[in-house]
Structure formats: C-alpha cells, structure tokens
> 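The structure is given below, and queries will be raised subsequently.
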Amino acid sequence: GMQVDLEGAMAFFNDSIVRSFNYPDDFLGNKDYIIASQSGNVIAFFLGWLIDNHNAQVQDFQKMKLGNVTVTDPNDYIVRSNIDYVDTWTEIEDKLIKLLGGYIIIRHEGYINYIDYLADVTLLSPQKIEFGKNLLDLERIRKGASIGTALIPLGAKLKDEEGKDTDQRLTIATVNDGSDMIRDEAAISQYGTIVKRAYFDDITEPENLLVKGRAHLAGLVKLPDTIELTAADLSTAGQDIAAFRLGTYVRAIS
C-alpha cells in the first residue's frame, strides 16, 4: 500500500529561508518601519517582512498575505537577529510566538492564504462538547513540578572588551536592590520558596528584563490545570451541525 502524509498550507513557511539580519538596526531607515514603530505596529511590520521575504522565494501557490495582527509589543524593546539561515516557520516560532505568545492562524479567502497573528482566538464553535452526548473521555491533569514562587531572570550574554559573548548574562541586580531574584511573597507563604530561572536571550536592558521576569513569574505561581478530552464530532455522524475546526473555542460541559 501507499502512505500519504498531508500538511496544511502553513507548512509552506518551511520552504523558504530567512537570511541573516539584525532587527531593528537593519530597518531604522525603512519608511514602513518608522511608521509602524510610531503607531505601535512593529509586530505587524516584522511578520509582514518575514512574509514578503518568504513570498520572494516561492511559487504563487505557496505565497501568503499578512492578515489581522492583534499581538503587540508595547515596549518594542526585543532585539531580534539571526545568523543561522533558518526556515521562515522556525523564525516565526522563535522570534514571535515564543517571545510574545498568541496564535498564528491561516485563513483562506478564494486562492489567497491570509496569515492572522492573534492575541486570542476569536471564533466560538456552534457545536458543544457535552457529557452524555459527544464527550467520550476526559482527564484533568494538575502538575506541581512546574510551579515557581521566585525567579532569577537572565538576559542576553554580556560582551567582553572585544565585543564577543562571554558566559556571563545580564541580571536584574542593578534595578532590583542588588538582588538578581524576584519573589512572590503571597505564593511563597502558600507553597514555600521554589526558585526557577528563565533565559531571555533577546533582552539587553535590566529594566526590560525585570518587566519580562515579573510577567514570567506571574505565570509560574499559577498551578497549571490541564484538561485533555476526546469527543465525537457529530457533524461526521450525519447531524446538521458545524464541524469542529482548528483555531476556534469549543464550549465543553462536563
């Protein structure tokens, strides 16, 4: 027999390469970048630049178009650079999603593939998942291993006198009363002191590292609660109802 693997159109981003660049330094004289930075749309500009770069390398059926962008970086302090000639999808993952969160969604209108970068998914499925109806299995998982009540945030590697990276990293000590650690006292009183560390390779200023560190710690103190479920899609059973689709919220009632 023959086996066929199918990929979505988003996989076209694996077919192009991002040449070495340094952001924002390489774009400071770019008119579109100046307009974007003045209006707070630097994320839309950067994703649009990646898409334009992709389109210049591929055939028409592989091309994308920038759609709606609701993810923002209000501080516009993240430095992005690359010397490794990675594929475009890796760059989108590393330089946008991992740093800022959000969802990359592909939207098809006619023969055009629109790329939306959304802070949150906006669509709600009309089909629910309900106990006794189409919910087949549900498992609730609460993992304590990932919780943290104190954090040492570490920024970019420090340079030596010749401008080369050292093994030392930027800390928050200079803007945090001499301490490289931030603490959540309320969480410490509840769970004890659990120290974690996090790397932010693109941050070069201690004030920005402190802001990013506090946001990261706020996520660590929440005991993560995950629900994994299996449900039947009733549209495949002949019922007149919309099918489940990737990129939509589904209301689950257990």
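By convention here, the first residue in the shown sequence is residue 1. Note that these values count all heavy atoms, side chains included, but never hydrogens, waters or copies made by symmetry.
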> Salt-bridged, Asp202 to Arg80, with N to O below 4.0 Å?
no
> Is a salt bridge present between Asp201 and Lys157, judged by a nitrogen-to-oxygen distance below 4.0 Å?
no
> Would you check if the distance from the ring center of His216 to the ring center of Phe200 is below 6.0 Å?
yes
> Taking all non-hydrogen atoms of both residues into account, name the closest pair between Asp160 and Thr166 and its distance.
N-CG2, 3.6 Å
> Are Ile105 and Ile112 in one and the same hydrophobic cluster, where Ile, Leu, Val, Met, Phe, Trp and Tyr link if side-chain heavy atoms are under 4.5 Å apart?
no
> Is a side-chain donor or acceptor of Asn53 paired with a backbone partner of Ile17 at a separation under 3.5 angstrom?
yes
> Mind jotting down which residue pairs meet the salt bridge (charged side-chain N to carboxylate O under 4.0 Å, His left out) criterion with at least one end in residues 4-23? Sequence neighbours excluded, please.
none
> Identify all side-chain donor-acceptor contacts of residues 91-102 below 3.5 Å with residues at least two apart in sequence or on another chain.
| residue | atom | partner | partner atom | Å |
| --- | --- | --- | --- | --- |
| Glu91 | OE2 | Lys95 | NZ | 3.4 |
| Asp94 | OD1 | Lys98 | NZ | 3.1 |
| Lys95 | NZ | Ser81 | O | 3.3 |

> Assigning hydrophobic clusters by single linkage (Ile, Leu, Val, Met, Phe, Trp, Tyr; side-chain heavy-atom cutoff under 4.5 Å), is Ile115 placed with Phe61?
yes
> I would like to know whether Tyr249 and Asp120 meet side-chain hydrogen bond (donor to acceptor under 3.5 Å, both in side chains); could you show each step before the answer?
CA-CA 10 Å; Tyr249 277 114; Asp120 199 0; 2.6 Å; yes
> Do Leu28 and Val42 share a hydrophobic cluster, counting only Ile, Leu, Val, Met, Phe, Trp and Tyr and linking them when any side-chain heavy atoms are less than 4.5 Å apart?
yes
> Closest approach of Ile104 and Trp89, non-hydrogen atoms and distance?
CG2-CZ3, 4.1 Å
> Does anything in residues 26-45 form a salt bridge (charged side-chain N to carboxylate O under 4.0 Å, His left out)? List the pairs, not counting sequence neighbours.
none
> Could you check whether Phe21 and Trp49 have their ring centres less than 6.0 Å apart?
yes
> Listed by chain and number, what are the ring pair (Phe, Tyr, Trp, His ring centres under 6.0 Å) partners of Tyr117, not counting sequence neighbours?
none
> Count I, L, V, M, F, W, Y as connected when their side-chain heavy atoms are under 4.5 Å apart, and connections chain through other members. Are Met10 and Ile51 then in the same cluster?
yes
> Which atom names give the shortest non-hydrogen contact between Pro153 and Leu209, and what distance separates them?
O-CD2, 3.6 Å
> Which atom pairs, donor and acceptor, lie under 3.5 Å between side-chain atoms of residues 125-133 and protein residues at least two apart or in another chain?
| residue | atom | partner | partner atom | Å |
| --- | --- | --- | --- | --- |
| Ser125 | OG | Gln127 | N | 3.2 |
| Ser125 | OG | Gln127 | O | 3.3 |
| Gln127 | OE1 | Leu234 | N | 2.9 |
| Gln127 | NE2 | Asp233 | OD1 | 3.0 |
| Gln127 | NE2 | Ala242 | O | 2.9 |

> Output all residues satisfying side chain to side chain donor-acceptor pair (under 3.5 Å) with Gln38, sequence neighbours left out; order by chain, then residue number.
none
